[in-house]
Amino acid sequence: MTNRIHLSSPHMGGTEQKYIQEAFDTNWIAPLGANVNGFESEIAQFVGIKAASATSSGTGAIHLALDLLGIKTGDEVFCSTLTFIASANPILYLGAKPVFIDSEPTTWNMSPQALKQALEEAATEGKLPKAVIVVNLYGQSARMDEILALCEQYDVPIIEDAAESLGSLYKGKKSGTFGKLGIYSFNGNKIITTSGGGMLVSDDEELIARSRFLATQARDAAKHYQHSVVGYNYRMSNIIAGIGRGQLEVIAERVAQKRAIFERYEAAFSGIDGIEMMPELENTFSNRWLSTMTLDPSKIKIAPYALMEILDEANIDSRPVWKPLHMQPLFEGCKFYAHSKETVVSEELFATGICLPSDSKMTVEEQERVINIILNIL
Ligand SMILES: *Cc1c(COP(=O)(O)O)cnc(C)c1O
């Protein structure tokens with residue numbers, strides 16, 4: 001039996017254990033220490049932002065971001081619909097109501113057209129959202145210029161969910177640095193990983209300082225244990241941060257590997273009518289975290305799920321595109337704004353999309369095995 005080919009598995013660079021050893025040598029086995037401080041400043045420097053705060057997960061970072069913006073019970077928060085559940089779960093943690101915004105075809109991300117309609121209606125009803133969570137799917141940046149202009153017009157802050165897009169660019173600027181707050185994830189399958197962890201970033205240093213306070217149980221400045229607001233236990237451990245520092249040293253290499261994987265798929269499938277690879281918007285640079293394509297059902301005989309099954313039998317991982325959140329039982333009854341009257345772009349992408357194995361440890365020969373199986377079926 002051949003080795004299983006993974007979708008995206010942890011890929012260590014080699015120096016991670018040096019940082020972990022330092023934590024042991026100095027006995028900083030805690031949610032603070034040199035690795036946490038170092039990882040925060042190295043991420044801030046890498047993405048070009050003033051401040052960063054390391055968290056125990058990307059989900060925790062989104063929760064903190066919403067809390068920092070004052071989101072409370074009954075508030076509305078707009079969120080991209082085509083994303084992983086973690087983008088929206090923290091809205092529910094705070095008792096707020098998510099409103100989902102469709103995708104558009106050039107980025108698969110939030111449709112400015114749908115967002116505009118949602119904001120106009122909200123303004124008419126006198127109930128603007130308290131925040132907009134914009135996701136950068138599979139490494140591709142959303143249409144940030146249009147989205148930023150709309151949110152500025154209505155004075156609504158953006159939280160950029162860049163969990164999948166660390167290392168990506170939009171018009172030369174790093175993904176995750178466009179909103180009031182941005183978040184990254186270092187879960188096991190992400191482009192770099194700490195086994196689990198996240199980062200909250202902002203140019204507002206006071207907000208980031210407050211996020212550290214909230215993430216450590218919101219303890220007031222008193223000698224005794226005194227608390228005036230709800231806090232969390234969301235800080236990253238100094239051991240985990242050591243893995244992150246080692247991983248950050250190889251991010252450029254990982255992005256290059258992911259992009260090379262995408263380009264090999266693109267070249268192999270370019271002659272097949274009915275296969276579309278995920279687009280890359282002009283003036284953006286995607287980290288190509290997952291290589292993703294759609295199969296046009298009028299031209300390709302096999303359905304995405306049947307193809308995924310055949311790949312699985314050949315010991316190859318693949319995944320459907322995220323199931324849109326407005327279709328999830330958990331969010332039944334939530335408001336949703338489609339890209340247009342004729343098309344719900346996210347639903348089409350969900351019905352026709354496949355995430356191909358995009359493991360940076362995959363060899364060229366292994367990728368050829370994947371490609372040949374797909375070419376044979378088609
Ligand atoms: C992975 C992911 C998250 C959550 O990150 P965790 O670190 O796993 O909590 C949030 N949003 C998106 C889009 C993700 O892919």
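Atoms within each ligand, like the ligands themselves, are counted from 1 in listed order. Note that the numbering runs from 1 along the sequence shown for the chain.
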Notebook entry, point to check: Any N or O on Ile183 sitting closer than 3.5 Å to an N or O of ligand 1?
Noted result: no
Check: Aromatic rings Tyr93 and His63: how do their planes relate, parallel, tilted or perpendicular, breaks at 30° and 60°?
Finding: perpendicular
Notebook entry, point to check: Does the ring centre of His326 sit less than 6.0 Å away from the ring centre of Phe100?
Noted result: no
Check: If we only count N/O pairs under 3.5 Å, is Thr83 in contact with ligand 1?
Finding: no
Note to self: A quick test of your reading: do over 12 heavy atoms of other residues, nucleotides or ligands sit less than 6.0 Å from CD of Gln226?
What the structure shows: yes
Check: Among protein heavy atoms, which lies nearest atom 2 (C) of ligand 1, and at what distance?
Finding: Lys190 NZ, 2.8 Å
Item checked: Atom indices of ligand 1, in the order listed, that fall short of 4.0 Å to a heavy atom of Ala163 -> 2 (C), 3 (C), 10 (C), 11 (N), 12 (C), 14 (C)
Check: Is ligand 1 under 4.0 Å from a heavy atom in the side chain of Ser57, in the backbone, in both, or in neither?
Finding: both
Next item on the list: Answer with side chain, backbone, both or neither: which part of Asp161 has a heavy atom less than 4.0 angstrom from an atom of ligand 1?
Entry: side chain
Check: Looking at atom 15 (O) of ligand 1, what's its closest protein heavy atom, distance included?
Finding: Glu164 OE2, 2.6 Å
Check: Which of the numbered atoms in ligand 1 are below 4.0 angstrom from a heavy atom of Asn187?
Finding: 8 (O)
Margin query: Could you tell me, atom by atom, which parts of ligand 1 come under 4.0 Å of a heavy atom of Ala86?
Written below: 3 (C), 4 (C), 10 (C)
Checklist line | Audit row: Lys335, Lys97, side-chain contact (heavy atoms from CB on, under 4.5 Å) steps and yes/no | finding: CA-CA 9 Å; Lys335 273 194 264 180; Lys97 280 186 275 183; over 6 Å; no
Notebook entry, point to check: With a 4.0 Å cut-off on heavy atoms, is Ser87 touching ligand 1?
Noted result: yes
Next item on the list: State the atoms of ligand 1, each with its element, that fall below the 4.0 Å cut-off from a heavy-atom position in Gly197.
Entry: 7 (O)
Note to self: How about CG on Asp25, more than 12 heavy atoms from neighbouring residues, nucleotides or ligands closer than 6.0 Å, or not?
What the structure shows: yes
Next item on the list: Measure the distance from atom 9 (O) of ligand 1 to every protein heavy atom, then report the residue, atom name and distance (to 0.1 Å) of the closest one.
Entry: Thr59 OG1, 2.5 Å
Next item on the list: For Arg319 and Met308, work out which heavy atoms get closest and say how close.
Entry: C-SD, 3.6 Å
Margin query: Ring centres under 6.0 Å, that's the criterion: do Phe39 and Phe186 meet it?
Written below: yes
Notebook entry, point to check: Can you tell which of Gly196, Ser185, Ser80 gets a heavy atom nearest to atom 6 (P) of ligand 1?
Noted result: Ser185
Check: In terms of side-chain geometry, is the basic nitrogen of Arg143 or Glu146 positioned less than 4.0 Å from the acidic oxygen of its partner?
Finding: yes
Note to self: Within 45 degrees of the ring normal and closer than 6.0 Å to the centroid, is that where the cationic atom of Arg219 sits relative to Tyr225?
What the structure shows: yes
